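Naming convention: chains lettered A, B, ... in sequence-line order (proteins, then strands); numbering from 1 in each chain. Just so you know, these numbers use all the heavy atoms, side chains as well, and skip hydrogens, waters and symmetry mates. In this text, all values refer to a predicted model and were calculated from it rather than measured experimentally.
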Amino acid sequence: MQLRDPAHLVSSRAVVYWTVRAVPGWVVVLLGESAWLWSSLNDPALPVTLLALTVLCAAAHLIVMPRWRYRVHRWEVTATAVYTQSGWLTQERRIAPLSRVQTVDTERGPLEQLFRLANVTVTTASAAGPLRINGLDLVTAQGLVVELTEVTSRSEGDAT
Amino acid sequence: VNPACPGGGDQGVSWRRLSARMLLLSPVRELAGAIPALVGVIVAGRAVGGGHSWWVGPLGAFFIVCLSVLRWMSTRYRITPEQVQLRTGLLRRKTIATPADRVRSVDVTASALHRILGLAKVDIGTGSRDAGSGLSLDSLTVAEAAGLRAELLHRSSVANPETVASRDSVAQDDAVAQDRSVAQDGWLGRGEQETELVRLDPRWVRFAPFTLSGVLGAAAILGLGSRLLDQLDINAKDIGPIRATLTYVEGNSIWLDVMEGLVGLALLVTALSIGGYVLAYWGFRLTRHPRGTLQVTRGLLTTRATSLEERRMRGIELAEPLLLRSVGGARLAGITTGLASGGGRGGVSSLLLPPAPRAVAATVAARILKEEAPLTAALTPHGPAARQRRYVRALLAAFVLVVVSAVAISTGASRWLALPALASLPLAILLGADRYRSLGHALAGRHLVTRAGTFVRRRDALACDGIIGWNVRQTYFQRRSGLVTLAATTAAGRQRYALTDVPLPMALSLATASLPGLLEDFLARADKDPALLGPTHS
């Protein structure tokens with residue numbers, strides 16, 4: 001028995017978005033190492049090796065991670081449930097029945113606004129179970145929120 | 001009395017005051033709390049004013065007494081058919097209102113001082129996670145507290161506005177009569193019998209030394225003592241008994257000192273943990289009321305009565321910390337919505353049984369759940385791949401330790417470092433074996449049962465109808481071994497109850513069996529799932 005993938009991919013612009021988002025972290029590391037290299041110019045062997053290794057790692061990460069993520073990140077809403085899949089090295093699938101959904105939020109950081117993307121977060125009464133869909137196309141996200149809000153407002157009870 | 005408040009339609013309900021006896025209690029307590037500050041003020045006054053500032057202390061005491069009188073005068077509460085309302089504050093009037101049907105727990109606490117005066121403190125919890133959202137009434141008379149608690153918790157059967165209103169008009173006329181009428185209406189006066197599920201057996205105190213609480217106590221006492229000496233600027237060597245001990249210790253060989261020190265520490269820890277156990281759990285009783293609440297009463301000096309509505313319960317946790325497990329003990333906690341698991345937050349605890357023999361814990365759990373299977377059912381082990389992961393992970397940690405110490409020794413550290421590093425290898429194997437032995441799950445009756453852990457082995461029974469979703473998580477290595485970590489999310493207790501390293505098909509069939517109708521839409525019978533294999537181009 002296997003779980004199938006959720007039906008929909010996220011927006012293809014998310015690949016660029018994830019790449020851009022990962023750049024600052026590597027820049028900080030590279031700046032630190034450059035400073036070390038600058039301060040030990042008379043014996044540069046070790047800092048240069050480290051710098052080269054870091055550049056290789058960063059390049060691999062920036063090339064592989066966003067594309068891998070794009071293949072993994074998927075979502076689906078059926079008549080009864082929300083189903084999401086996310087991650088790359090560590091992957092997680094979350095399933096929650098619509099009858100237990102409490103809130104539906106969208107969130108857009110500055111970078112996401114630049115790429116016309118949005119996050120949709122579906123929370124249940126459990127603090128451990130929010131379903132996040134990253135990198136959705138803005139129009140899709142708005143449609144999804146409207147749909148989910150409508151479906152969940154129909155169900156009754158406090159969803160615990 | 002006061003005009004209406006937010007939440008109209010309840011003009012008929014009058015405001016009640018806290019018990020006037022609180023005026024005796026709260027100055028005493030606040031004075032006790034202020035003693036360090038007062039001592040400081042007096043000492044400082046003597047140092048600065050040359051003995052002329054003696055009046056600072058009494059003035060402070062007078063001020064505190066005035067404050068508590070003002071607080072009594074300005075605090076009122078009432079229970080309307082829709083809301084519980086509390087007004088406090090003299091200058092800044094504050095009204096806290098909570099919908100009565102949101103009340104999830106009513107705790108009655110009485111410290112030794114409270115008990116001398118026949119008072120009790122009532123904490124009304126709403127299950128909200130925000131601090132300070134609950135209402136606290138300090139203090140009511142014992143009868144009032146019991147009546148209030150019955151009134152709030154069993155609202156569904158008592159929630160007839162007229163009875164509440166008429167009872168309150170009685171209260172307005174004569175507070176004493178109200179005490180009596182509430183006590184008669186209260187949950188014991190109606191001829192409904194509560195059933196006792198378990199009562200503390202004094203022999204259980206033997207588990208106290210195996211609960212680490214004494215270690216914390218000893219650390220606290222030693223820390224506090226040394227700080228006190230430090231603060232008062234007393235050299236420890238100037239105190240007679242300590243000096244005598246030090247001279248004795250200096251006269252002995254180091255091994256004897258170490259032995260004696262360890263024995264002394266063990267005795268201290270044992271005494272403290274037994275003391276703590278008796279203070280906290282003496283007179284422990286767990287009862288079930290026919291209207292659907294469980295009630296825990298406990299405490300030697302400070303008594304606590306905590307209640308849990310059974311409709312808020314989603315299951316039970318049986319915890320066996322390593323030391324307790326080695327002597328066959330266990331403790332029970334409820335998985336409850338609206339309470340942080342393990343207590344702590346808001347002072348509300350979901351404890352259902354203090355450390356007690358494991359067999360007793362299992363029996364009590366079966367009585368609470370009205371089902372025996374979750375505690376007795378044989379657990380399905382997670383298979384060879386999970387066992388391998390347990391060993392690999394434990395050995396990896398030991399291996400890192402060995403490598404680090406090898407590097408350290410090669411750069412000139414003491415050779416003795418090799419001893420703990422090598423000893424960690426067999427320990428890691430034992431750890432891996434025990435961690436795998438703990439791992440298991442079952443679907444027993446209406447409950448999903450999971451067990452895991454070595455240092456604290458927990459067997460959690462989560463009611464299937466309390467599950468509100470699934471998280472299926474796979475790390476890269478888990479995908480290679482075909483394992484998943486399946487977590488059932490819930491609004492209660494720890495919020496997620498996870499089955500670590502279950503083979504994927506086993507996890508899915510368990511998930512569909514325990515919560516039918518959710519996963520079926522998303523199952524595929526395909527042999528390979530491309531997304532689980534990672535990108536083809538990397």
Side-chain angles (χ1 to χ4, degrees), chain A residues 1-7 9 15 59-102 122-132 152 155 157-160, chain B residues 102 127 129 311-312 314 337-338 340 466-479 484-498 503-509 511-512 515 517-538:
Chain A
M1 215 192 298
Q2 295 280 338
L3 275 175
R4 67 173 171 80
D5 281 351
L9 287 166
V15 177
H61 180 244
L62 292 178
I63 291 168
V64 172
M65 182 275 290
R67 283 159 188 82
W68 196 342
R69 265 191 196 285
Y70 180 67
R71 294 173 56 92
V72 176
H73 278 243
R74 283 168 165 268
W75 61 278
E76 183 173 347
V77 177
T78 67
T80 53
V82 194
Y83 177 26
T84 64
Q85 176 175 292
S86 63
W88 55 299
L89 275 175
T90 296
Q91 299 177 3
E92 185 157 3
R93 292 164 152 174
R94 296 188 164 188
I95 298 149
L98 283 178
S99 60
R100 307 292 195 140
V101 169
Q102 285 194 325
V122 179
T123 61
T124 62
S126 168
L131 288 81
R132 288 203 183 82
T152 51
S155 62
D158 67 350
T160 59
Chain B
R102 289 280 169 82
R129 297 193 155 252
R311 68 190 172 97
R312 307 268 178 213
R314 299 288 182 272
T337 61
I467 299 173
I468 59 177
W470 298 104
N471 293 352
V472 186
R473 191 182 164 85
Q474 286 185 303
T475 64
Y476 178 72
F477 293 107
Q478 276 181 318
R479 282 204 295 283
V484 300
T485 295
L486 175 76
T489 64
T490 174
R494 293 170 198 273
Q495 308 288 312
R496 68 194 286 278
Y497 289 86
L504 181 61
M506 197 192 266
L508 293 179
S509 61
T512 44
L515 196 64
L518 180 58
L519 273 184
E520 280 84 341
D521 279 354
F522 306 121
L523 290 181
R525 314 253 163 199
D527 286 332
K528 282 290 177 208
D529 199 341
L532 291 177
L533 297 173
T536 44
H537 61 80
S538 67

**OP:** Apply side chain to side chain donor-acceptor pair (under 3.5 Å) to A/E76 and list each qualifying residue two or more places apart in sequence or on a separate chain.
**Re:** A/R4
Original post:
Looking only at heavy atoms, what is the nearest atom pair of B/Q495 and A/A128, with distance?
Top reply: O-CB, 3.7 Å
Original post:
Where do B/R479 and A/W68 come nearest, in terms of heavy atoms and distance?
Top reply: NH2-CZ2, 3.8 Å
Original post:
Mind checking what makes side chain to side chain donor-acceptor pair (under 3.5 Å) contact with A/T123, not counting sequence neighbours?
Top reply: A/T103
Original post:
Got a second to check how far A/L3's CG is from B/L508's CG, nearest 0.5 Å?
Top reply: 4.5 Å
**OP:** Taking all non-hydrogen atoms of both residues into account, name the closest pair between B/T489 and A/S126 and its distance.
**Re:** CB-OG, 3.5 Å
Subject >> Top of B/A507, B/A487, B/P505 for chain A proximity - count of heavy-atom pairs under 4.5 angstrom >> reply: B/P505
**OP:** To the nearest 0.5 Å, tell me how far B/Q478 CD sits from A/Q91 CD.
**Re:** 11.0 Å
Original post:
How far apart are the closest heavy atoms of A/Q2 and B/L504, and which atoms are they?
Top reply: OE1-CD2, 3.2 Å
**OP:** Check each atom of B/I467 against the heavy atoms of chain A and say whether the ones under 4.5 Å are side chain, backbone, both or neither.
**Re:** backbone
**OP:** Name the region of B/S509, side chain, backbone, both or neither, that has any atom closer than 4.5 Å to a heavy atom of chain A.
**Re:** both
Subject >> Considering all heavy atoms, the nearest B/N471-A/R94 contact >> reply: OD1-CG, 3.2 Å
Subject >> Heavy-atom pair with the smallest gap, counting every atom of B/I468 and A/R100 >> reply: CG2-NH1, 3.0 Å
